[in-house]
Peer 1: 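Have a look at this one.
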Amino acid sequence: MGKQISAIRGMNDLYGSEVEAFDYLLTQAQQTLQQYGFQSIRLPIVEKTELFARSIGEVTDIVEKEMYTFEDRNGDSLTLRPEGTAGCVRAMIQNGLTHNQIQKLYYSGPMFRYERPQKGRYRQFHQFGVEVFGVNDVDIDAELIALSARLWEKLGLDKLELQINSLGSQEARSAYRDKLVAYLTEHKDQLDEDSLRRLESNPLRILDTKNPDMKSVVEKAPKLIEHLDTESAEHFANLKAYLDDLGIEYVVNPNLVRGLDYYNRTVFEWITTELGAQGTVCAGGRYDSLVEQIGGKPTPAVGFAMGIERLTALLQDKALVPSKALADIYVVLVGDKVHRPGLVISEMLREALPDLKVQMNCGGGSFKSQFKKADKSGARYAIVLGDQEVESQQVAVKPLREDAEQTLVSWDGLAAYLQARFD
């Protein structure tokens, strides 16, 4: 026997109930996005490294420490995507989709970051991303938050907290940065190693520290929201007014800055306390300068991403994923002459009843063992075919979820008989 090969650490197989929850979440999210007029886009998993360095920021933890980067045979530096927004922006520019157009798009798929694996945070993880291009008004910010709130309601998730903040304009944030650096420099002895490293390169990220020992120094730091430019302050006030009108509760978190450099004005996160330290299940905001930064014409943009693993963990913990039967009809085959006719009957039913799941017993087995499989599949009816039924061209239809007698039905009338019972 050869040596067993294991999966790469932090890159997990998904199967069974995890996949059911995964697929259920994606279906509910897609239906909600389509209700709001969004369209699907498919993006490459691998992009040029330069794309992420220019968009995310070269001094962020993602670019400095977490990206899976390699050279291809041509010597080009390529990276497995660590997030989806940059690739979506690149696609908009490359395909000419931003010029005098409003684009409302969604996508899903795997992302890759080299981190210490823990519950809700893996090296290959999955996100569902939503992006809007070409709308400058705050109404689209509010609609995206309303859309996400509607999805939580649809899924039955009722203990998520919405946190919002404004990062203002780049000019206002630059002026605030100087004030923040001056304050933090005065309290350098209270900063941890990560914060000292970020002090010159990315000081706003210090505000989002998870280190409880730095709580006091962060709470007393100057607040960006108190140093907004006039337009950004008005934008934020209007966002809060929209959310108030919609009855969506929120908390203004002045230390919410997000981990990516491209955000401006609106930023928001949906937080849960039910997954331990990894509490953010959805996050996003505005990134009005990113399209131009990557080489396109100035285009306002806003979006968010949901962590699929974290949300599916919540759904499973709360038993919110509907049970899904593997079959509606299970074909039981007992005898020497039944296997070829059984396959013909199964295919006939799949053709005539395309909305129903028909599972045929394969590989033989006793009458009793086949009925155990039929019951386990969740099917409502078993179709029993024996040698005698082959001779008479009939089958026995046995209800599995109700106390009723089985009925003999001709092959020709079987599809109509079953259709009537599923209508």
Peer 1: Measuring only between side-chain heavy atoms, which start at C-beta, is Ile145 closer than 4.5 Å to Phe304?
Peer 2: no
Peer 1: Before giving the answer on salt bridge (Lys or Arg N to Asp or Glu O under 4.0 Å), spell out for Arg421 and Glu402 the whole-Å C-alpha distance, their side-chain angles and the decisive distance to 0.1 Å.
Peer 2: CA-CA 12 Å; Arg421 275 137 191 84; Glu402 57 185 279; over 6 Å; no
Peer 1: Is the closest side-chain heavy-atom distance between Ile164 and Lys240 below 4.5 Å?
Peer 2: yes
Peer 1: Give me the one residue out of Asp141, Asn165, Asp288 that meets side chain to side chain donor-acceptor pair (under 3.5 Å) with Thr266.
Peer 2: Asp141
Peer 1: Could you tell me if the side chain of Tyr287 sits less than 4.5 Å from the side chain of Val89, heavy atoms only?
Peer 2: yes
Peer 1: For side chain to side chain donor-acceptor pair (under 3.5 Å), just list the numbers for Glu143 and Tyr242, CA-CA rounded to whole Å, side-chain angles, deciding distance to a tenth of an Å, and then say yes or no.
Peer 2: CA-CA 9 Å; Glu143 184 179 80; Tyr242 273 113; over 6 Å; no
Peer 1: Are Trp152 and Asp158 close enough that some pair of their side-chain heavy atoms sits under 4.5 Å apart?
Peer 2: no
Peer 1: When you measure from the side chain of Gln103 to the backbone N and O of Leu97, does any donor-acceptor pair fall under 3.5 Å?
Peer 2: yes
Peer 1: Can you see which heavy atom on Gln127 is nearest to which on Gly84, and at what distance?
Peer 2: OE1-N, 4.3 Å
Peer 1: Taking Asp76 first and then Lys48, would you say they form a salt bridge - that is, a charged N and a carboxylate O separated by under 4.0 Å?
Peer 2: no
Peer 1: Report yes if some heavy atom in the side chain of Ser148 is under 4.5 Å from a heavy atom in the side chain of Leu151; otherwise report no.
Peer 2: no
Peer 1: Please determine whether the number of non-hydrogen atoms from other residues, nucleotides or ligands lying under 6.0 Å from atom CG of Asp403 exceeds 12.
Peer 2: no
Peer 1: Measure the OG1-CE distance between Thr49 and Met67 for me, rounded to the nearest 0.5 Å.
Peer 2: 5.5 Å
Peer 1: Could Arg380 and Phe422 be counted as a cation-pi pair, given that NZ or CZ must be under 6.0 Å from the ring centre and within 45° of the axis?
Peer 2: yes
Peer 1: What class does the angle between the rings of His227 and Tyr176 fall in, given that below 30° is parallel, 30 to 60° is tilted and above 60° is perpendicular?
Peer 2: tilted
Peer 1: So, do Thr79 and Glu47 sit near enough that their side-chain heavy atoms are less than 4.5 Å apart?
Peer 2: no
Peer 1: I need the minimum non-hydrogen distance between Gly378 and Ala325, along with the two atoms involved.
Peer 2: O-CB, 3.7 Å
Peer 1: Would you say that Phe236 contacts Val252 through its side chain, given a criterion of any heavy-atom pair below 4.5 Å between the two side chains?
Peer 2: yes
Peer 1: Between CZ of Phe38 and NZ of Lys104, what distance do you get to the nearest 0.5 Å?
Peer 2: 4.5 Å
Peer 1: With Arg401, which residues qualify under salt bridge (Lys or Arg N to Asp or Glu O under 4.0 Å), at least two apart?
Peer 2: Asp375
Peer 1: What distance do Ile329 atom CD1 and Leu349 atom CG have between them, rounded to the nearest 0.5 Å?
Peer 2: 5.5 Å
Peer 1: For Asp139, does its backbone N or O pair with a side-chain atom of Asp137 as donor and acceptor, under 3.5 Å?
Peer 2: no
Peer 1: What's the spacing between Thr98 OG1 and Lys297 NZ if we round to 0.5 Å?
Peer 2: 8.0 Å
Peer 1: Which heavy-atom pair separates Leu167 from Arg173 by the least distance, and what is that distance?
Peer 2: O-NH1, 3.3 Å
Peer 1: Quick check on side chain to side chain contact (heavy atoms under 4.5 Å, CB included): which of Asp23, Thr312, Leu315, Leu25 does Val321 satisfy it with?
Peer 2: Leu315
Peer 1: Inspect the contact between Arg150 and Glu153 and indicate whether a charged nitrogen and a carboxylate oxygen are less than 4.0 angstrom apart.
Peer 2: no
Peer 1: If you look only at pairs with a residue in residues 1-30, which of them pass as a ring pair (Phe, Tyr, Trp, His ring centres under 6.0 Å), with sequence neighbours excluded?
Peer 2: Phe22-His126
Peer 1: Ignoring hydrogens and geometry, is there a side-chain-to-backbone donor-acceptor pair from Tyr36 to Leu144 under 3.5 Å?
Peer 2: no
Peer 1: For Lys318, I'd like to know if atom NZ has over 12 heavy atoms of other residues, nucleotides or ligands within 6.0 Å.
Peer 2: yes
Peer 1: Among Leu147, Thr27, Leu155, Val130, which residue satisfies the side chain to side chain contact (heavy atoms under 4.5 Å, CB included) criterion with Thr32?
Peer 2: Leu147
Peer 1: Do any N or O atoms from the side chain of Asn253 and from the backbone of Gln163 form a donor-acceptor pair under 3.5 angstrom?
Peer 2: no
Peer 1: Specify the closest pair of heavy atoms between Leu228 and Ala233, including all atoms of both residues, with the distance to one decimal.
Peer 2: CD1-CA, 4.0 Å
Peer 1: If you round to the nearest 0.5 Å, how far is CD1 of Ile206 from OH of Tyr183?
Peer 2: 11.0 Å
Peer 1: Looking at every non-hydrogen atom in both residues, tell me the closest pair between Glu18 and Asp13 and how far apart they are.
Peer 2: OE1-O, 4.0 Å
Peer 1: Counting only heavy atoms from other residues, nucleotides and ligands, does the tally under 6.0 Å from CD of Glu274 exceed 12?
Peer 2: yes
Peer 1: Would you mind checking if Glu226 and Lys179 are paired as a salt bridge, meaning a charged N to carboxylate O distance below 4.0 Å?
Peer 2: no
Peer 1: Compare every heavy atom of Arg81 with every heavy atom of Ser108, then report the nearest pair and how far apart it is.
Peer 2: O-NH2, 4.3 Å
Peer 1: Just jot down the side-chain hydrogen bond (donor to acceptor under 3.5 Å, both in side chains) partners of Tyr107, sequence neighbours excluded, or say none.
Peer 2: Glu131
Peer 1: How many angstroms lie between atom CG of Leu353 and atom CG of Asp328, to the nearest 0.5 angstrom?
Peer 2: 9.5 Å
Peer 1: Within the 4.5 Å heavy-atom criterion, are Leu326 and Lys357 side-chain neighbours or not?
Peer 2: no
